[in-house]
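Following: one structure in structure tokens, then a few remarks.
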Number of protein chains: 2
Amino acid sequence: MKDIENILSTPRNQAEEVRALQDTIYVIGGKWRLPIINSICNGNKRFREIERSIPGITTRMLSRELKEMELNKIIKRTVYPNSPVLVEYESTEYCTTFGDIILEMIKWGIEHRKMIAKKY
Amino acid sequence: MKDIENILSTPRNQAEEVRALQDTIYVIGGKWRLPIINSICNGNKRFREIERSIPGITTRMLSRELKEMELNKIIKRTVYPNSPVLVEYESTEYCTTFGDIILEMIKWGIEHRKMIAKKY
DNA sequence: TTCATTGGTATACTCTGTGATACTGATTAC
DNA sequence: GTAATCAGTATCACAGAGTATACCAATGAA
């Protein structure tokens with residue numbers, strides 16, 4: 001039972017919204033992308049440094065995600081061929097576009113924890 | 001090689017941020033939570049209505065997620081025992097706290113699509 | 001009469017994201 | 001001489017997220 005307004009205006013925007021939402025989820029999906037982006041944006045450059053900054057992540061997952069994010073130009077990887085080799089990860093402009101999402105998610109997480117703490 | 005500032009100030013906030021971020025990811029993880037929340041917040045109340053509003057979702061996934069989200073008080077489920085039975089899903093206050101996150105993700109998705117479109 | 005709709009459940013399957021553990025070769029610290 | 005650090009790679013294995021398909025009983029529409 002859809003009326004005309006419904007058909008002409010609302011659904012179109014809704015459809016676009018879901019699509020956009022699903023696109024975003026696809027790009028930043030998984031447990032690790034956003035924490036890694038956040039870590040690098042916070043100035044962590046070295047592999048082990050990033051690893052230590054994210055509780056629970058394994059070497060393997062970090063390695064995999066970094067590789068894919070480099071391919072997708074989300075981050076930049078630079079090798080300085082000293083010995084021992086020095087590797088640095090940096091955020092790109094593209095990377096910074098996730099800033100607002102991450103910020104909102106951090107805000108939510110902090111509020112959520114406060115709520116839980118208050119309850120018990 | 002950590003200096004004193006590093007140990008005393010920055011890492012503490014960073015640690016809280018990652019934790020908050022990871023908490024949030026845990027709660028809204030997966031492909032379907034946010035699209036479902038968004039759909040319900042947009043006024044979709046009936047099961048099939050929600051199902052149709054989210055491209056790609058299956059009956060089973062929707063059913064599972066709705067059940068769990070009801071347990072977690074993210075949504076409210078009401079049964080009107082007419083015949084045939086009528087079921088309605090509604091957002092709760094808790095549900096609306098995800099609003100800003102969803103908004104930012106929609107914004108990102110739309111921008112992203114524009115970028116891609118421009119490129120090719 | 002037949003079909004579609006509603007709100008799901010049942011069953012069986014895939015698959016991949018994630019985890020655990022171990023290892024590398026070079027270098028520096030103790 | 002031993003341990004630790006660096007930046008990863010290699011294997012193996014698993015749970016559970018997600019997919020596909022069919023089905024139910026009741027109702028209303030064509």
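Note that the structure is a prediction, hence the values are computed from the model and not measured.
Rounded to an integer number of Å, the gap from A:Arg52 CZ to D:dG8 P is 14 Å. Note: CD (B:Glu51) to C1' (C:dG8) measures 9 Å, nearest angstrom. Put simply, CG on A:Leu62 is 9 Å from P on D:dG8, counting in whole angstrom units. If you take CG of A:Leu86 and P of C:dT28, they are 13 Å apart, rounded to a whole angstrom. Rounded to whole Å, the distance from CD on A:Glu70 to P on D:dG8 is 9 Å. Counting to the nearest Å, the P atom of C:dT9 and the CZ atom of B:Phe47 are 8 Å from each other.
Classified by interplanar angle (parallel below 30°, tilted 30° to 60°, perpendicular above 60°), the ring pair B:Tyr94/B:Phe98 is tilted.
The OH atom of B:Tyr89 sits 6.0 Å away from the CZ atom of B:Phe47 when rounded to the nearest 0.5 Å. A distance of 7.5 Å separates CE in B:Met115 from OG1 in A:Thr97, rounded to the nearest 0.5 Å.
By the 4.0 Å N-to-carboxylate-O rule, A:Lys67 lies too far from A:Glu70 to be salt-bridged with it.
Residues B:Ile106 and A:Glu17 are in side-chain contact: their nearest non-hydrogen atoms beyond the backbone lie under 4.5 Å apart.
The main-chain N or O of A:Ser39 is found under 3.5 Å from a side-chain atom of A:Asn44 such that the two form a donor-acceptor pair.
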- Message: I need a per-nucleotide contact map over nucleotides 17-30 of chain D, read 5' to 3'. Cutoff is protein heavy atoms under 4.0 Å; write B for the base, S for backbone only, - otherwise.
- Response: SBBB------S---

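Of the side-chain N and O atoms in B:Tyr80, none sit less than 4.0 angstrom from OP1 or OP2 of C:dT6. Residue A:Lys67 has no polar side-chain atom (N or O) positioned under 4.0 Å from OP1 or OP2 of D:dG8. Phosphate contact (OP1/OP2 of C:dG8, side-chain N/O of B:Arg77, threshold under 4.0 Å): present.
Across all strands, B:Arg33 comes closer than 4.0 Å to no nucleic acid atom at all (heavy-atom distances).
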